[in-house]
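Scroll down for the structure; my scribbles are underneath it.
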Amino acid sequence: MGQSLDVGDVIDMLEESAMMKRPVVVKLSDGRIFEDRVQEIVKWHGEDHVVFHDHELTPLGAISDIQRGRPPEYTYAGKRV
């Protein structure tokens, strides 16, 4: 994916995804990779966790890499002129 990121970079990308409603590609330390949108970042049992739209609550420490997902495709299909 990309170069190694520190925790601040990961949090910035997650917050951007939540604010802009844009997907991110997340690589977990167990090797799983998925694309999803962030709903919010919460503190649970003293640790920061990420609430994703379509995936389970994920501890911030389990994220080994993150990058912006596919940008939305804007099209004029279906629009009336």
Side-chain angles (χ1 to χ4, degrees):
M1 279 189 164
Q3 57 193 351
S4 184
L5 302 173
D6 67 13
V7 175
D9 293 330
V10 172
I11 291 173
D12 287 346
M13 293 282 292
L14 294 169
E15 288 176 342
E16 177 184 308
S17 172
M19 288 176 33
M20 304 299 287
K21 309 240 185 281
R22 291 186 181 148
V24 287
V25 176
V26 177
K27 181 177 183 184
L28 301 178
S29 53
D30 67 4
R32 290 183 294 157
I33 298 173
F34 62 86
E35 183 173 322
D36 203 345
R37 291 186 324 272
V38 176
Q39 299 296 320
E40 62 182 320
I41 301 171
V42 297
K43 180 91 59 189
W44 190 60
H45 291 288
E47 186 180 358
D48 289 328
H49 285 69
V50 184
V51 179
F52 288 103
H53 187 266
D54 295 321
H55 290 83
E56 68 274 2
L57 184 67
T58 305
L60 189 62
I63 298 174
S64 63
D65 200 2
I66 188 167
Q67 66 183 20
R68 287 180 182 92
R70 290 176 281 117
E73 292 182 27
Y74 298 107
T75 176
Y76 288 102
K79 291 190 177 184
R80 296 177 190 236
V81 182

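Below, all heavy atoms of this structure are taken into account, side chains as well, without hydrogens, waters or symmetry copies.
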Please list, one pair per line, the donor and acceptor atoms closer than 3.5 Å that link side chains of residues 45-53 to other protein atoms, with sequence neighbours excluded.
unit_1, atom_1, unit_2, atom_2, d
D48, OD1, K43, NZ, 3.3
H49, ND1, E47, O, 3.0
H53, NE2, R37, NH2, 3.4

| field | side chain to side chain donor-acceptor pair (under 3.5 Å) against Q39, all qualifying residues, sequence neighbours excluded | value | none
| Under 4.5 Å between any side-chain heavy atoms of L14 and I66, yes or no? | yes
| query | Does S17 use its side chain to pair, donor to acceptor, with the backbone of R22 at less than 3.5 Å? | reply | yes
| task | Please identify each residue that fulfils salt bridge (Lys or Arg N to Asp or Glu O under 4.0 Å) with E40, with sequence neighbours left out. | result | none
| query | Hey, does the side chain of S29 reach the backbone of S64 with a donor-acceptor pair shorter than 3.5 angstrom? | reply | no
| query | Do I33 and L28 come close enough that some side-chain heavy atom pair is under 4.5 Å? | reply | no
| said: Quick check: closest heavy atoms across L57 and P59, and the distance to 0.1 Å? | reply: O-CD, 4.1 Å
| field | For R32, side chain to side chain donor-acceptor pair (under 3.5 Å) partners two or more places apart | value | D30, E56
| field | Partner set under side chain to side chain contact (heavy atoms under 4.5 Å, CB included) for D54, not counting sequence neighbours | value | D36
| request: Determine whether I41 and V10 fall in the same hydrophobic cluster, where Ile, Leu, Val, Met, Phe, Trp and Tyr are linked whenever their side-chain heavy atoms lie under 4.5 Å apart. | output: yes
| query | V7, M13: one ILVMFWY side-chain cluster at the under-4.5 Å cut-off? | reply | yes
